[in-house]
Engineer: 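So that we are looking at the same thing, I have put the structure below in structure tokens.
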Amino acid sequence: MLAALVFTLLCIQSAHGQVTPLTLLHYALIPTQTLKAPLVSPQPCPYGFEYNRNLGQCSDVNECSWPQPCQGEMLCVNRIGGYQCLSSDYYDRPYRRVSPAQPEPSYPDPSDRIPDTFARTPPRAVEPSYPIVNNPALCTLGYALAADGTCNDIDECETNSHHCNPTQVCINTAGGYTCSCTEGYWLIAGQCQDIDECRYGYCQQLCANVAGSYSCSCNPGFLLNPDGRTCQDVDECEEQPCSHGCFNTYGSFMCNCDEGYELASDGTTCIDLDECSFSEFLCQFRCVNTPGSFSCICPPGYYLYEDSRSCEDVNECDTGNNTCTTEQVCFNFQGGYTCLNPLQCQPPYLAVSDNQCMCSAENPACRDLAFTILYRHMDLSSGRSVPADIFQMQATTRYPGAFYIFQIKSGNSGREFYMRQTSNVSATLVLTRPIKGPQVLVLDLEMVTVNNVINFRGSSIIRLTIYVSEHPF
């Protein structure tokens, strides 16, 4: 489809009074089928311009170099941003002087008397050697005749005589005008369309395209620089967001906690770490959590060892921290102590030492009784692993032809112990089941002496008192 052509008719009067029309083409829009594909340029060029890679800028398109830019015999005149088509007789019409008719010269009649004085005729005017134009001067397209006879540019944008569409902006030029687009728009198919600047990486991080422009923003942890395009990291640690330590990172930050604390779910607060919940073996007795740490405590009768975790028995008998009288004997066991009263032998036994009673063979009442009873004491940790050898006994007097039998005579109702004979004259008490304390067990360990040569049978007893502690240490 060809765009409409606007004609302006100018008239010039000839010397014979004829009026000759002079046809000028005011503006010629390019036929759509003759448009060339625009070069892809780094910047949009307005209509009538194309990007010049050598100059690195937009330059005017010489439309007159195109094949037949004007119709018929009209002449093409290139303009900045466009071109004009003028009638061919606009330049070829010959110049004709237009002036009033000169009067015929008059001569004296020869029949008249010639006076004495000759009357001279007025001198004839001499024609100038250049043409005299009495008609007003003609101005080229885009100019108007001023009162002083000069041609002034017509501002088509101000007079609203341009043909730019509503999306374009009119820019007045010498003898014409240009339809262009405002910043942020480019001309596509005769319409100004918004340039999506975000497609070209104008922003370092976030970009939001708006009509005719764009807006840059930054991700959390960054601030927009004064140039409005680049972003700089924010040192969040300057605001002390962490309860303990802060480490700035690119675009963010990290919080760390002191020893004994852990980071809460909010990522900034440090909460106490309950070390006691990690393992029940952290302390030998009991673990007490403290802010940022923990401590071990021991039950009464124990003190905390150098490793700050183990418990050691306090020997109250050695330290003197006991309530035993001078007649009593202090006996220490794990986690406590006891005061032993002086030995009192039950009749018919007689005390032969501070821990032994004897029944004389000469006494008829001692016939079926053990010859001696030896009182011994020992301590045992609660829950001690089994089997365990805990006590040993042996014969101190040996007789020729005699042999010995070792057995538990009483106190083993729960079957926690048994006697293992290790030689002809010795045996070992073995713990076979764990025993929980605190409790006190009394075992009568009997050694039977048999001598078939002299037909003798007798026994001796060790009365073993076992103090089982409350704790397994």
Engineer: Is the distance from the ring center of Phe417 to that of Phe391 below 6.0 Å?
Structural biologist: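 Not under 6.0 Å, so no.
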Engineer: Using atom types as modelled and distance alone, determine if a side-chain donor or acceptor of Asn225 lies under 3.5 Å from a backbone N or O of Asp227.
Structural biologist: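 Not at all, since once roles are kept as given, no pair shorter than 3.5 Å links the two residues.
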Engineer: Between Phe222 and Tyr250, does the ring pair (Phe, Tyr, Trp, His ring centres under 6.0 Å) criterion hold? Intermediate values first, please.
Structural biologist: CA-CA 9 Å; Phe222 294 88; Tyr250 187 69; 4.9 Å; yes
Engineer: What verdict does the side chain to side chain donor-acceptor pair (under 3.5 Å) test give for Asn363 and Ser360, after you've listed the backbone C-alpha separation in whole Å, the side-chain angles of each residue and the deciding distance to 0.1 Å?
Structural biologist: CA-CA 5 Å; Asn363 187 349; Ser360 176; over 6 Å; no
Engineer: Could you grab the distance from atom CG of Leu429 to atom CE of Met393, nearest 0.5 Å is fine?
Structural biologist: 9.5 Å
Engineer: Around Met378, counting heavy atoms of other residues, nucleotides and ligands shown, do more than 12 lie under 6.0 Å from its CE?
Structural biologist: yes
Engineer: First locate atom CZ of Phe278, then atom CD of Glu275, and finally report the distance between them rounded to the nearest 0.5 Å.
Structural biologist: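 Reported value, rounded in 0.5 Å steps: 6.0 Å.
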Engineer: Measure the acute angle between the ring planes of His377 and Phe331, then classify it against the limits of 30° and 60° as parallel, tilted or perpendicular.
Structural biologist: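 Judged by the thresholds at 30° and 60°, the geometry between His377 and Phe331 is tilted.
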Engineer: Closer than 3.5 angstrom, by distance alone: can the side chain of Thr290 be matched with the main-chain N or O of Ser295 as a donor-acceptor pair?
Structural biologist: no
Engineer: Quick one, Phe333 with Thr338, criterion side-chain contact (heavy atoms from CB on, under 4.5 Å). Give me CA distance, side-chain angles, the key distance, then yes/no.
Structural biologist: CA-CA 8 Å; Phe333 57 86; Thr338 186; 4.1 Å; yes
Engineer: Under 6.0 Å between the ring centres of Tyr214 and Tyr202?
Structural biologist: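 Ring centres of Tyr202 and Tyr214 closer than 6.0 Å.
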Engineer: Show the nearest heavy-atom pair for residues Asp274 and Ser277, with the distance to one decimal.
Structural biologist: O-OG, 2.7 Å
Engineer: Would the distance check show the side chain of Ser469 and the main-chain N or O of Ser382 forming a donor-acceptor pair, the cut-off being under 3.5 Å?
Structural biologist: yes
Engineer: For the CG atom of Leu206 and the SG atom of Cys231, what is their distance to the nearest 0.5 Å?
Structural biologist: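 If I round to the nearest 0.5 Å, the distance is 7.0 Å.
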Engineer: With distance as the sole test, does Gln421 use its side chain to make a donor-acceptor pair with the main-chain N or O of Ser423 at under 3.5 Å?
Structural biologist: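 Present.
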Engineer: Treating Tyr302 as the side-chain partner and Phe473 as the backbone partner, does any N or O pair qualify as donor plus acceptor under 3.5 Å?
Structural biologist: yes
Engineer: Taking everything shown except Asn455 itself, do over 12 heavy atoms lie less than 6.0 Å from its CG?
Structural biologist: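 Open: at most 12 neighbouring heavy atoms sit under 6.0 Å from CG of Asn455.
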Engineer: Please check this pair: side chain of Ser426 against backbone of Thr422, looking for a donor-acceptor N/O pair closer than 3.5 Å.
Structural biologist: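 Here the side-chain-to-backbone pair does not exist.
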Engineer: Return yes if some donor-acceptor pair links the side-chain N/O of Glu158 with the main-chain N/O of Asp155 below 3.5 Å, else return no.
Structural biologist: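 The answer is no, because no donor-acceptor pair under 3.5 Å joins these two groups.
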Engineer: Would you say the ring centers of Tyr399 and Tyr404 fall short of 6.0 Å from each other?
Structural biologist: no
Engineer: May I ask you to check whether the SG atoms of Cys76 and Cys64 are separated by less than 2.5 Å?
Structural biologist: yes
Engineer: Is the gap between the SG atoms of Cys324 and Cys330 under 2.5 Å?
Structural biologist: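 Judged by the SG atoms alone, which are 2.5 Å or more apart, Cys330 and Cys324 are not bridged.
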Engineer: Between Asn322 and Asn332, does the side chain to side chain donor-acceptor pair (under 3.5 Å) criterion hold? Intermediate values first, please.
Structural biologist: CA-CA 10 Å; Asn322 59 74; Asn332 184 72; over 6 Å; no
Engineer: Indicate yes or no: does Arg420 engage Asp389 in a salt bridge with an N to O separation below 4.0 Å.
Structural biologist: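 A salt bridge is present here (some side-chain N lies under 4.0 Å from a carboxylate O).
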Engineer: Heavy-atom count around Glu183 CD within 6.0 Å, excluding the residue itself: above 12?
Structural biologist: no
Engineer: Please check if the side chain of Asp272 supplies one atom and the backbone of Gly292 the other of a donor-acceptor pair under 3.5 Å.
Structural biologist: yes
Engineer: Got a donor-acceptor contact below 3.5 angstrom from the Gln439 side chain to the Lys436 backbone?
Structural biologist: yes
Engineer: I'd like to know whether CD of Gln205 has more than 12 heavy-atom contacts from other residues, nucleotides or ligands below 6.0 angstrom.
Structural biologist: yes
